[in-house]
Amino acid sequence: MKNRFFYQTIDAGSDNSGFALTVCAAFYIFGSAFGAVLSAYVDDAEYFYRFFSAFFTGFSAGGASFFGMLFDGLRFLIAVMLLSVSAFGVAAIPAVSALKGFLTAFSIALITRLFGFGGIPAALVVSGIDALLFTPVLLAASATAFKGSVSLIGFCAGQRGAERGFPQKIWLVFIICVVLCAIIAGIETLAASWLASGITAETAYLLI
């Protein structure tokens, strides 16, 4: 009875087109806020300073990899895709959104904290483009996956016709998201090559 009530409560909301997107976006924002706040309490700032300095040194020397950037986005898309066919996805898919928001905000805030305003171009290269372009793609995939997981909960709870709530074009959505992820990875790679020399010239004294 409790499982059925839980499903009916979530399913009633998921019938609204923006419900699943709102849930995933809310968790992303929460993760971002938590990551930004937590960056201010990092004790071993010197370690991260050396880490990012070494990273930017290799980055400016042509270390940007298309496949590395592609994998960074695909791992999240693959995660929500797999969770879309699991009843646990109702809890895990928003958690993936929160994790992505946390990692993005944490890196941007920490780079800015360590290198000041001179580190903003570096933060843009590392996470800024990803945050602006990939976040909508991830949230769209997460919302679709969330609705799929909700329908599976109904099916497991014995709700008649619950399987009809599973998004019919879910695989098409994921294919489109993967293609967009590849395009974004290409944009990031091009932007990295364009901005690397600028970062080296303007902020080399900060990154070495």
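These figures come from a predicted structure and were not determined experimentally. In this chain, residues are counted from 1 in sequence order.
No donor-acceptor pair under 3.5 Å is formed between the side chain of Thr135 and the backbone N or O of Leu132. With hydrogens and angles disregarded, a donor-acceptor distance shorter than 3.5 Å links the side chain of Ser39 to the backbone of Ala36. A side-chain donor-acceptor contact under 3.5 Å links Ser84 to the backbone of Met81. In this structure, Ser149 contributes its side chain and Ala145 its backbone to no donor-acceptor pair below 3.5 Å.
Residues Lys147 and Ala20 share a closest heavy-atom pair of CG-CB, 3.8 Å. Nearest heavy atom pair, residue Phe174 against residue Ala141, reads CE2-CB, 3.7 Å. Closest of all the heavy-atom pairs between Glu188 and Ile129 is CG-CG2, 3.6 Å.
Summarising the geometry, atom SG belonging to Cys181 is positioned 11.0 Å from atom CG belonging to Leu133; distances are rounded to the nearest 0.5 Å. Between Ile184 atom CD1 and Asp130 atom CG the span is 7.5 Å, to the nearest 0.5 Å. Interatomic distance, OG of Ser32 versus CZ of Phe27, reported as 13.0 Å (0.5 Å rounding). Lys100 contributes atom NZ, which lies 7.0 Å from atom OG of Ser127 (distance to the nearest 0.5 angstrom).
The same ILVMFWY cluster, assembled from side-chain heavy atoms under 4.5 Å apart, contains both Phe66 and Phe134. When hydrophobic clusters are built by joining Ile, Leu, Val, Met, Phe, Trp and Tyr residues whose side-chain heavy atoms come closer than 4.5 Å, directly or via intermediates, Val173 is not grouped with Ile78. Phe88 is not connected to Leu77 by any chain of hydrophobic side-chain contacts under 4.5 Å among Ile, Leu, Val, Met, Phe, Trp and Tyr, and they are in different clusters. In the hydrophobic clustering of this structure, Phe76 does not group with Ile29; members are Ile, Leu, Val, Met, Phe, Trp, Tyr whose side-chain heavy atoms approach within less than 4.5 Å, directly or through other members. Cluster annotation: Phe71 is not connected to Ile187 through the hydrophobic network of ILVMFWY side chains, with a link wherever side-chain heavy atoms come within less than 4.5 Å.
Exactly one residue among Val96, Val23, Ile93, Leu21 makes a side-chain contact (heavy atoms from CB on, under 4.5 Å) with Ser142. That residue is Ile93. Across Leu103, Leu110, Ile108, a single residue satisfies side-chain contact (heavy atoms from CB on, under 4.5 Å) together with Phe106, and that is Leu110.
Between Phe34 and Phe30, the ring planes are parallel. Angles under 30° get that label, and only those over 60° would be called perpendicular.
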